[in-house]
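This report concerns only the one structure given below.
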Amino acid sequence: MSERNFKKNEITEGVIWKQLLIFFIPIMLGALVQQLYTTVDTIIVGRFVGKAALASVGGPAAVIASIVITFFNGLANGAAVIIAQFYGSKDAEGLHEGLHTAYAFSIVVSILVTVIGVIGTPYFLRGMNTPDDMMSDSTVYLKFYFLGIIFTLVYNMGAAIMRAIGDSKRPLIYLIVCCIMNIVLDIVMVVFMHMGIAGAALATVVSQFVSAVLVTYSLMRDYDVMQLHIREIRVNRQVLGKELKIGIPGALQACAYGVTNVIIQAVVNEFGTDTVAGWAAYGKLDMIFWTVMGALGVAVTTFVGQNYGAGKMNRAYKSVRVNLGLSFALNGAVLILLYIFCEPLYHLFTTDQTVIDIGVHMLRYLVPSYLLCILLENLTGGLRGFGDVLWPTIFTFAGLFLVRIPWMVLVTPIYRSVETILISYPIAWIATLLFLVPYYFRRKKKRIEVLY
C-alpha cells in the first residue's frame, strides 16, 4: 500500500481550531450517546421499578462497570496513539499490524474480563458495602453486563482506531442507531414485559452487540489505508509492546480514578439508600461534563499523535494550547448549565424529593472545582499523544492514593458528612497539577531544543 492511499490530512495541515472542532463534535456527540445506554436504563428503572433499583443500576454496579471500561479504554487509547503516529508518518504496514494486533488483544481481554466479572460480581459488591436491598438487583445487572462485555470492548477498540486516523463520524452514526435500539428495547422489556433490572441490562447488551458488528464491518470495508481481515487478526509482539507501553500507564491512570471511586462509593453506601440514589443520579449528570472533557482529550491526543508522527512538533504543541482554550469555553458552558438546571434534570431520574435535594446539593457543591480538570485533561492528553505517559500516571497516582484515599480513610470518619467526601476531589486534582504543570513545560522545552 503506497502513500497515494493517504488523502490530504487536515489534522497535520489544516487550521487547528477548525479541525479540532470538526473532529471533536462527533466524538462528543458519540460519547454522549454512549452514555445514554446506561442513563436510559437508570431513568426507566428509576421511574418504573423504584429508587432501590435506581440505586442498584447507578450505584455500585455503575462504579464497577466504569472501572472496567475506563481501564480498557486506556489500553485502547494506547493502540490509538500508535496508530495515529503510523498514520501521521504514512506507515501503511504499521497501520495494518496495529489494527489486527489491537483487535486480537481486545478479544482476549474481553474473555478474561467476562470470566472474572461473572464469578467475582457478588464479592465485588459485598466489598463495597452494598446495602442488602440493592444486592440482588445489582448482581443481576452486573452479571448481564459482564456476559456482554466483549461487544462493548470490541466497539470501543474499533471506534478508537477509527478516530485515530481522523474519522470521528462513523462511530457517532453507529452509536445513534444503537442508542435508539436500546431505548426501544428498554421500554419494551422493562415497561411492557416487566423484566425489571434484567430487561434493562439485556437491552444494553443487545445494543452493544449491534454497535460492535457495525464498527467491525466498517473497518473491513470503508478505509483504503487499512482494512481489517478476520483471518489476519493476530498479535504482533513488537507492535503490541508499543501499544501497551502507552496503554498500560494510561489505563492505570484512568482506572485509578475508578478504584478511588469504589472507596468513595463504599463510604456513600453507609449514608443509606436515599444518598446512594442521589449520588447515582448525580453521576449521570456529572457524566455530561466528563463526556465533553473526554472527547476534547481524545481530540488533542489524536492531533498531537499525528503531528508528532509527521514531525511537526510546533504544531503538536499549538494543538494543546488551542484545545485548552476550546475546553474552557465549551466545558465552562456545560458547568453553568448543570449548575442552573440540575434540579429539573434530577426529576428525570426520580420523583423522590429527598433524593433530588441530596443530588442537587452534591452537584452545586462540587461542579465549580471541575475547572481544574480542564487543565489536567488537556496536559495529560497532549503528553499521551507524544507517547509520554509514565510520569503523568505517577502524578495521578500520587494525587489519588497519597491524597484522596488518605482523606477518605482518615478525615471522613471524623467529619462524617457528604461535603467531606466531595471536597476530596478538588484536593486531589490540585495535588496532581502541582507536579504535572512543571513536568509538561520541562518536557516541551527539551523536545523543542532537540528539534532545533
Do you know which two heavy atoms are closest between Cys178 and Val210, and how far apart they sit? SG-CG1, 3.6 Å
Side chain to side chain contact (heavy atoms under 4.5 Å, CB included) for Asp357 and His361? Distances and angles first, verdict last. CA-CA 6 Å; Asp357 290 341; His361 174 68; over 6 Å; no
Does the side chain of Phe24 reach to within under 4.5 Å of the side chain of Leu326, using non-hydrogen atoms? no
Side-chain (Glu243) to main-chain (Val81) donor-acceptor, under 3.5 angstrom: no
Any heavy-atom pair between the side chains of Leu147 and Val205 that's under 4.5 Å? no
Got a donor-acceptor contact below 3.5 angstrom from the Ser218 side chain to the Leu214 backbone? no
Show the nearest heavy-atom pair for residues Gly382 and Val320, with the distance to one decimal. CA-CG2, 3.9 Å
What verdict does the side chain to side chain contact (heavy atoms under 4.5 Å, CB included) test give for Ile374 and Leu371, after you've listed the backbone C-alpha separation in whole Å, the side-chain angles of each residue and the deciding distance to 0.1 Å? CA-CA 5 Å; Ile374 296 174; Leu371 294 172; 4.0 Å; yes
Test of understanding: with side-chain hydrogen bond (donor to acceptor under 3.5 Å, both in side chains), list the residues that count as partners of Glu97, not counting sequence neighbours. Asn236
Any side-chain heavy-atom pair from Val389 and Leu383 closer than 4.5 angstrom? no
Closer than 3.5 angstrom, by distance alone: can the side chain of Thr380 be matched with the main-chain N or O of Glu377 as a donor-acceptor pair? yes
Any Val215 side-chain heavy atom under 4.5 Å of Val154 side chain: no
Between the side chain of Arg364 and the main-chain N/O of Tyr339, is any donor-acceptor distance below 3.5 Å? yes
For the atom pair CG (Leu175) and CD1 (Ile180), what is the distance rounded to the nearest 0.5 Å? 11.0 Å
Is it the case that atom OH in Tyr217 sees more than 12 heavy atoms from other parts of the structure closer than 6.0 Å? no
How far does CZ of Phe341 sit from CG of Leu363, to the nearest 0.5 angstrom? 13.0 Å
Student check: side-chain heavy atoms of Tyr87 and Ile11 closer than 4.5 Å: no
Taking every non-hydrogen atom, the tightest pair across Ala84 and Thr302: CB-O, 4.5 Å
Under the rule for side-chain hydrogen bond (donor to acceptor under 3.5 Å, both in side chains), what residues qualify as partners of Asn269, not counting sequence neighbours? Gln265
Give a yes or no answer on whether the side chain of Thr101 reaches the backbone of Gly98 with a donor-acceptor pair at less than 3.5 Å. no
Looking at Trp429, Tyr365, Tyr425, which hits ring-ring contact (aromatic ring centres under 6.0 Å, His included) with Tyr370? Trp429
Set out, in order, the CA-CA distance, both residues' side-chain angles and the distance that settles side chain to side chain contact (heavy atoms under 4.5 Å, CB included) for Leu376 and Leu372, then state yes or no. CA-CA 6 Å; Leu376 185 61; Leu372 296 168; over 6 Å; no
Residues Tyr346 and Val360: closest non-hydrogen pair is CE1-N, 3.6 Å
Spatial distance of atom CG (Leu375) from atom OH (Tyr440) [nearest 0.5 Å]: 10.0 Å
Any chance you could measure Ile394, atom CD1, to Thr432, atom OG1, to the nearest 0.5 Å? 12.5 Å
Under 3.5 Å, is there a donor-acceptor pair between the side chain of Thr216 and the main chain of Val213? no
Heavy-atom check, side chain of Cys373 versus side chain of Trp290, under 4.5 Å: yes
For a quick test of reading the model, state the closest non-hydrogen atom pair linking Gly305 to Gln85 and the distance between them. O-CG, 3.5 Å
Locate the shortest heavy-atom distance separating Ser207 from Leu185; write the atom from each residue and the value. OG-CD1, 4.2 Å
Can you tell me if CZ on Phe271 sees more than 12 non-hydrogen neighbours from other groups inside 6.0 Å? yes
Worked check of side chain to side chain contact (heavy atoms under 4.5 Å, CB included) between Leu219 and Tyr103: CA-CA 11 Å; Leu219 285 168; Tyr103 248 72; 3.6 Å; yes
Rounded to the nearest 0.5 Å, what separates atom CD1 in Ile82 from atom CG in Leu240? 10.5 Å
Minimum side-chain heavy-atom gap Thr139-Lys143 below 4.5 Å: yes
Does atom CZ (Phe397) have a neighbourhood of more than 12 heavy atoms from anything else shown, all under 6.0 Å? yes
Applied to residues 323-334, the side-chain hydrogen bond (donor to acceptor under 3.5 Å, both in side chains) test, sequence neighbours excluded, yields Asn323-Asn378, Ser327-Asn378
Could you check whether any side-chain N or O of Ser424 sits under 3.5 Å from a backbone N or O of Ile421, counting only pairs where one atom can act as donor and the other as acceptor? yes
Does the side chain of Tyr415 reach to within under 4.5 Å of the side chain of Ile423, using non-hydrogen atoms? no
Quick one: CD1 on Ile149 to CD1 on Ile111, what's the gap to the nearest 0.5 Å? 13.0 Å
Would a distance-only check, ignoring hydrogens and angles, find a side-chain to backbone donor-acceptor pair under 3.5 Å from Asn182 to Thr204? yes
More than 12 non-hydrogen atoms from neighbouring residues, nucleotides or ligands closer than 6.0 Å to CD on Gln238, yes or no? no
Ring geometry between Tyr145 and Tyr141 (parallel below 30°, tilted from 30 to 60°, perpendicular above 60°): parallel
Mark yes or no for whether Trp407, through its side chain, and Thr420, through its backbone, hold a donor-acceptor pair below 3.5 Å. yes
So, does Ser168 use its side chain to make a donor-acceptor pair with the main chain of Phe23 at under 3.5 Å? yes
